[in-house]
Amino acid sequence: MRTLQIPHTLPIAQLKEGYRSGQFTPQQIAREIVRRAEQDGGMNIWITPPSMDAMQPYLDRLASMNPDEAPLWGVPFAVKDNIDVAGMMTTAGCAEYAYMPDDHAAVVDRLIRAGAIPAGKTNLDQFATGLVGTRSPYGETHNALRPELISGGSSSGSAVAAARGQAAFALGTDTAGSGRVPAALNGLVGYKPSLGAWPTSGVVPACKSLDCVTVFAHSLEDALAVDAALRGAAAADPSSPQPAEAGARAPCPAVPAEGAAGLLRPLRGRLPQRLGAGGRAA
């Protein structure tokens, strides 16, 4: 009998290859995520933790989707708890504020249409105001690498969920660093798109004119795969660019067609390689 081997982290390409080869299934990945979340319960990563009951409808839906046409087929993701997922409570880190949304936030809806699986809702500095990950009545989120250190915020739980292998990637928000600081402190890529590049409908605002949805991922390639699923204007979304008027500034272009290689080419030779033990360049 073959032993099930699930990687500690869940890069998108490795998940898709594992599905193609039959090494594991989305159902098995979901069960492992639940197990890992329970094991790390004391780290205060989740407000609505992963459960098979919550993920099962999305797993069942995969049978009607073609993996070759759904770019994120079976890929689990975490959602910061100021972003709506239908049927999961949104708290923004405040139980007295909590409500049950009927609809997905626009970004969550697009990811589900691409085949991704929402795993649960993650902890945050209350109302997304803070950069430390300690300002939550649901507990301080511990750093994924050194639990005695802060996780960074406000998207603390999202960063740690991705870093601890409880999601392939995680959605956060960024108004003044909340999608980048936790990435830096937990060994992840924190990708903040240009204002208006991704829709923000269904997001509890911190500052509507500055809020962006962001992603935590293990590589720039994974971040760009999420960007490809999310980028583009949405009808009636206040953050989406309106049709350009004569003389108006054109919206920011999408990432280069060659993806990460195109973005990194100007920096080649100036960036360290992977970080080794103690955070030193290896």
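The structure presented is a predicted model; accordingly, all values stated were derived computationally and were not measured.
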Can you find a side-chain donor-acceptor pair between Asn123 and Ser156 that sits under 3.5 Å? no
Hydrophobic cluster membership, Tyr99 vs Val108, 4.5 Å side-chain cutoff: no
Under 3.5 Å, side chain of Asp40 to main-chain N/O of Met43, donor-acceptor pair present? no
For Lys121 and Met89, indicate whether the former's side chain and the latter's backbone hold a donor-acceptor pair under 3.5 Å. yes
State yes or no: do Phe77 and Ile45 share one hydrophobic cluster built from I, L, V, M, F, W and Y residues joined by side-chain heavy-atom distances below 4.5 Å, directly or via other members? no
State the CH2-CG distance between Trp73 and Leu62, to the nearest 0.5 angstrom. 5.0 Å
Euclidean distance, Leu72 CG relative to Ile12 CD1, rounded to 0.5 Å: 5.5 Å
Walk me through it: do Asn143 and Val160 pass the test side-chain contact (heavy atoms from CB on, under 4.5 Å)? CA-CA 7 Å; Asn143 187 285; Val160 178; 6.0 Å; no
Closest approach of Val189 to Ser219 (non-hydrogen atoms, all atoms of both residues): CG2-C, 3.8 Å
Electrostatic pair Arg20-Glu17, nearest N-O below 4.0 angstrom: yes
Testing the 3.5 Å rule here: is there a donor-acceptor pair between the side chains of Lys80 and Ser154? yes
Give a yes or no on whether Leu171 and Leu195 share a hydrophobic cluster (residues Ile, Leu, Val, Met, Phe, Trp, Tyr; joining criterion: side-chain heavy atoms under 4.5 Å apart). no
Decide side-chain contact (heavy atoms from CB on, under 4.5 Å) for Tyr97 and Val204; before the verdict, give the C-alpha distance in whole Å, the side-chain angles of both, and the deciding distance to 0.1 Å. CA-CA 11 Å; Tyr97 175 82; Val204 177; 3.6 Å; yes
Sub-4.5 Å side-chain heavy-atom contact between Pro76 and Tyr58: no
I'd like to know if the side chain of Ser136 pairs up with that of Asn44 as donor and acceptor (distance under 3.5 Å, no hydrogens or angles considered). no
To the nearest 0.5 angstrom, please state how far the CZ atom of Arg180 sits from the CG atom of Leu131. 9.0 Å
Keeping the roles fixed (side chain from Ser194, backbone from Ala197), state whether a donor-acceptor pair exists under 3.5 Å. no
Intermediate values then yes/no, side-chain contact (heavy atoms from CB on, under 4.5 Å), Gln166 and Trp46: CA-CA 10 Å; Gln166 297 172 30; Trp46 301 90; 2.6 Å; yes
Could you tell me whether Arg35 atom CZ has more than 12 heavy atoms of other residues or ligands within 6.0 Å of it? yes
Consider only side-chain heavy atoms of I, L, V, M, F, W and Y, link residues closer than 4.5 Å, and tell whether Leu145 and Val132 are in one cluster. no
Please determine, by modelled atom types, if Asp84 and Thr90 share a side-chain donor-acceptor pair under 3.5 angstrom. yes
Should Ser178 and Ser155 count as side-chain neighbours, where that means a heavy-atom distance under 4.5 Å? yes
Can Thr214 and Asp174 be counted as having a side-chain donor-acceptor contact under 3.5 angstrom? no
Are Asp222 and Tyr191 side-chain neighbours, meaning at least one heavy-atom pair lies under 4.5 Å? no
Side-chain donor/acceptor of Asp81 to backbone N/O of Gly93, under 3.5 Å: no
Are side-chain N/O atoms of Thr175 and Asp211 paired as donor and acceptor at under 3.5 Å? yes
Quick one: does Tyr138's side chain get under 4.5 Å of Leu124's, heavy atoms only? no
Has Thr122 got a side-chain atom pairing as donor or acceptor with Val79's backbone, closer than 3.5 angstrom? yes
Does any N or O in the side chain of Thr134 come within less than 3.5 Å of the main-chain N or O of Glu140, such that one atom is a donor and the other an acceptor? no
Spell out, yes or no, whether Val75 and Val213 are grouped together once hydrophobic residues are joined by side-chain heavy atoms under 4.5 Å, including indirect joins. yes
With a 4.5 Å limit on heavy-atom distance, are the side chains of Pro199 and Val107 in contact? yes
Measuring from atom CZ of Arg164 to atom NE2 of His142, what distance do you get when rounded to the nearest 0.5 angstrom? 10.5 Å
Do His218 and Leu188 touch side chain to side chain, with heavy atoms closer than 4.5 Å? yes
Looking at Tyr19 and Gly74, would you say the former's side chain and the latter's main chain have a donor-acceptor pair under 3.5 Å? yes
In Å and rounded to the nearest 0.5 Å, what is the OG1 to CZ distance from Thr129 to Arg135? 4.0 Å
Main-chain N/O of Met88 paired to Thr48 side chain as donor or acceptor, under 3.5 Å: no
Return yes if a side-chain donor-acceptor contact under 3.5 Å exists between Asp227 and Trp198, otherwise no. yes
Any idea which heavy atoms bring Ile83 and Ala105 closest together, and the distance? CG2-CB, 3.6 Å
Under a 4.5 Å cut-off applied to non-hydrogen side-chain atoms, are Met55 and Gln27 in contact? no
Distance (rounded to the nearest 0.5 Å) between Ser158 OG and Asn82 CG: 8.0 Å
If you define the side chain from C-beta out and look only at heavy atoms, does anything of Leu230 sit under 4.5 Å from Val215? no
Looking at Ala234, is its backbone amide N or carbonyl O close enough to the side chain of Ser240 to form a donor-acceptor pair, meaning the two atoms are under 3.5 Å apart? yes
